[in-house]
Number of protein chains: 2
Amino acid sequence: MVESLRLQPGSAGHIVYSQLKQQIVSLELPPGTALSEKEVSLSFEVSRTPVRESFVRLAQEDLVVVLPQRGTRVSLIDSELVEEARFMREQLEKAVVRLACESFPEDKLLELERNLSEQSESIEKHDGKHMFELDETFHRILFEGCRKVGTWNVLQQMNAHLNRSRMLWLSADPNWTNLYEQHREIVDAIRRHDADHAEREMQEHLSLIISNLAVLKEKHPDYFK
Amino acid sequence: MVESLRLQPGSAGHIVYSQLKQQIVSLELPPGTALSEKEVSLSFEVSRTPVRESFVRLAQEDLVVVLPQRGTRVSLIDSELVEEARFMREQLEKAVVRLACESFPEDKLLELERNLSEQSESIEKHDGKHMFELDETFHRILFEGCRKVGTWNVLQQMNAHLNRSRMLWLSADPNWTNLYEQHREIVDAIRRHDADHAEREMQEHLSLIISNLAVLKEKHPDYFK
DNA sequence: ACTACCATACTTGTATGGTAGTATGGAACT
DNA sequence: AGTTCCATACTACCATACAAGTATGGTAGT
């Protein structure tokens, strides 16, 4: 999970923000959960001020909704946003992987290989949570290698919504082996400078990470808008 | 300029945020300008709390940098971010305009036509500022027509940086007529469902709105990172 | 039984005082 | 003259008190 360092990492405000965000995206705080500045401030043992700051930031990312004088809740999953997140990832990742096929720094390629090894291990151990993180890291390395970190960061904002639905899907049928093979194919294509193949693989790959929203919606109607 | 409505529009915090953002993007507050909670709170005649909130939001968008116990400044223009903003727009707008060629709601098409008329007027009046806004609106309508508003909104976050450099360029050589012709071509292509042509036009179009960064950097070295 | 009203206990929004860290300029010393 | 040290005046950060809007449950009146 990527931490945005816009506020000082050590500050109380940042800690509350990153903790809450992690809990929201991991569904530890399910969509619709009521949050109150006071309540959260008590549990974190800080005053309302840094809590409020974190709420402001989370609201900007649409992860919470603030109803003035009424309360603050973890936002429901917006199917439109999830679909748009998939759209953004498809367009940007296809473009990035094409760039990667033109030129990609050797050290980043090694990072990808190391990442793939860890993926392989995690699959054997059936460690879905770790595999999830490794998948995120894999794609981030691609953006880093193409000097598109800023792009990756704003993409993460949308991705948070997509990831919440992936989290629901996680318990069902991850099909990690398939994802691993595709990652492998993508790296190989980059090595061969085969842009067309890489793009096609990426497209397929992304179509796999997006779950069937309708099914999830039926299973957890109270989590969706 | 699009207002994000994440905070209540009426609240002091939101007002300070949107005003400051507008002033930053318009270069009314040039890159590097020192801001202080106290100073701003006095000028807006509110307490430091809502000012602080606005700083948090602006920091999240990289429009200000907060140095703890040292001060807050309007961020310098980051050439990397500007380039990435161009990259993101290129990828996403090309994809969106292709979608638009498949299907585009009639009412949005009318909005585009109205927008084009206003552009024509503004060019005659040599009203660069208004033309700038109409250009933004034109592209936003495209995203709206394809049901990609969320995408447009996150794109705006990067676009803020691009727009600051466009603002510098504004005084030089806008070449609005050329931009207008391209807008015209794009709308016609959408009507004809000619995706390939639309995409090509869009690509050219976007290559035009991005100014020569090196020149700007030389002219305003203190504005850039 | 039903309705209108109001006290009360919430909520977020705002103001303000205090704390700790940082830059700066001048005084004292070498 | 040059260097060190320290008082002072900033800064962002945090805690707390108050203001204002909202939901709710009980009560009085019909």
Side-chain angles (χ1 to χ4, degrees), chain A residues 3-21 23-24 29-76 222, chain B residues 3-21 23-24 29-76 222:
Chain A
E3 299 295 338
S4 83
L5 304 172
R6 267 69 182 242
L7 235 56
Q8 279 318 296
S11 75
H14 176 82
I15 291 176
V16 175
Y17 163 75
S18 57
Q19 293 264 351
L20 284 180
K21 178 164 181 177
Q23 291 182 13
I24 292 173
L29 290 171
T33 306
L35 298 175
S36 92
E37 294 178 358
K38 189 167 188 177
E39 192 181 314
V40 175
S41 73
L42 287 177
S43 77
F44 279 92
E45 293 181 316
V46 295
S47 79
R48 275 184 52 212
T49 306
V51 173
R52 201 175 153 67
E53 278 181 19
S54 73
F55 280 17
V56 169
R57 299 183 66 182
L58 293 170
Q60 184 142 350
E61 301 181 22
D62 279 327
L63 290 176
V64 305
V65 291
V66 179
L67 302 93
Q69 275 69 41
R70 297 184 47 155
T72 302
R73 309 175 153 274
V74 177
S75 67
L76 298 179
D222 46 333
Chain B
E3 298 295 338
S4 83
L5 304 173
R6 268 70 180 244
L7 235 56
Q8 281 317 298
S11 74
H14 177 81
I15 292 176
V16 175
Y17 163 74
S18 58
Q19 294 263 351
L20 283 181
K21 178 166 180 175
Q23 292 181 12
I24 291 173
L29 289 172
T33 306
L35 299 174
S36 91
E37 292 178 0
K38 191 169 187 177
E39 193 182 314
V40 175
S41 73
L42 288 175
S43 76
F44 278 92
E45 292 180 319
V46 294
S47 77
R48 288 177 352 245
T49 305
V51 174
R52 197 175 154 65
E53 278 181 19
S54 74
F55 280 14
V56 169
R57 300 183 66 183
L58 293 170
Q60 186 145 351
E61 301 182 21
D62 278 329
L63 289 177
V64 305
V65 291
V66 179
L67 302 94
Q69 274 69 41
R70 298 183 48 162
T72 301
R73 309 175 155 273
V74 177
S75 68
L76 299 178
D222 46 334

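Just so it is clear: chains get the letters A, B, ... in the order the sequence lines come, proteins before strands, and each one is counted from 1.
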Whole Å only: how far is the CD atom of Glu39(B) from the C1' atom of dA12(D)? 14 Å
Expected output: side-chain Arg73(B) to main-chain Val65(B) donor-acceptor under 3.5 Å: no
Taking every non-hydrogen atom, the tightest pair across Leu63(B) and Ile24(B): O-CD1, 4.1 Å
Whole Å only: how far is the CZ atom of Phe55(A) from the P atom of dT12(C)? 6 Å
Locate the shortest heavy-atom distance separating Thr33(B) from Leu29(B); write the atom from each residue and the value. OG1-C, 3.8 Å
Rounding to an integer number of Å, can you tell me how far Leu35(A) CG sits from dC10(C) C1'? 15 Å
Point-to-point distance, once rounded to the nearest 0.5 Å, from OG of Ser75(A) to CD of Glu61(A): 10.5 Å
What I'd like to find out is whether the side chain of Glu53(A) reaches to under 4.5 Å of the side chain of Arg48(A), using heavy atoms alone. no
Can you tell me the distance, in whole Å, between the CG atom of Leu67(A) and the P atom of dC10(C)? 19 Å
Of all the heavy-atom pairs spanning Ser54(B) and Val51(B), show the shortest one and how long it is. OG-O, 2.6 Å
Ser36(B) side-chain proximity, nearest of dG13(C), dT11(D), dT11(C): dT11(D)
Any non-hydrogen side-chain atom of Glu37(B) less than 4.5 Å from a side-chain atom of Thr72(B)? no
Identify whether any heavy atom of Ser41(B) sits under 4.0 Å from a base atom; if not, whether one sits that close to sugar-phosphate; answer base, sugar-phosphate or nothing. nothing
From NZ of Lys38(A) across to C1' of dA17(D) the rounded distance in Å is 12 Å
Could you list the protein-to-nucleotides 16-22 of chain C atom pairs, N/O on both sides, closer than 3.5 Å?
residue, atom, partner, partner atom, Å
dT16(C), O4, Thr49(B), OG1, 3.4
dG17(C), O6, Arg48(B), NH2, 2.3
dG18(C), O6, Arg48(B), NH2, 3.2

DNA chain D base-pair string [pairs: Watson-Crick or G-U under 3.5 Å; |: paired with another strand]: ||||||||||||||||||||||||||||||
Taking all non-hydrogen atoms of both residues, which atom of Val64(B) and which atom of Phe55(B) are closest, and how far apart? CG2-O, 3.8 Å
Round to a whole Å and report the spacing from CG of Leu42(A) to C1' of dT11(C). 14 Å
Nearest-angstrom distance from the residue atom CD of Glu37(A) to C1' of dT16(D): 13 Å
Of the non-hydrogen atoms in Asp222(B) and Leu76(B), which two are nearest, and what is the gap between them? O-CD2, 3.5 Å
Spacing of Arg52(A) atom CZ relative to dA17(D) atom P, expressed in whole Å: 18 Å
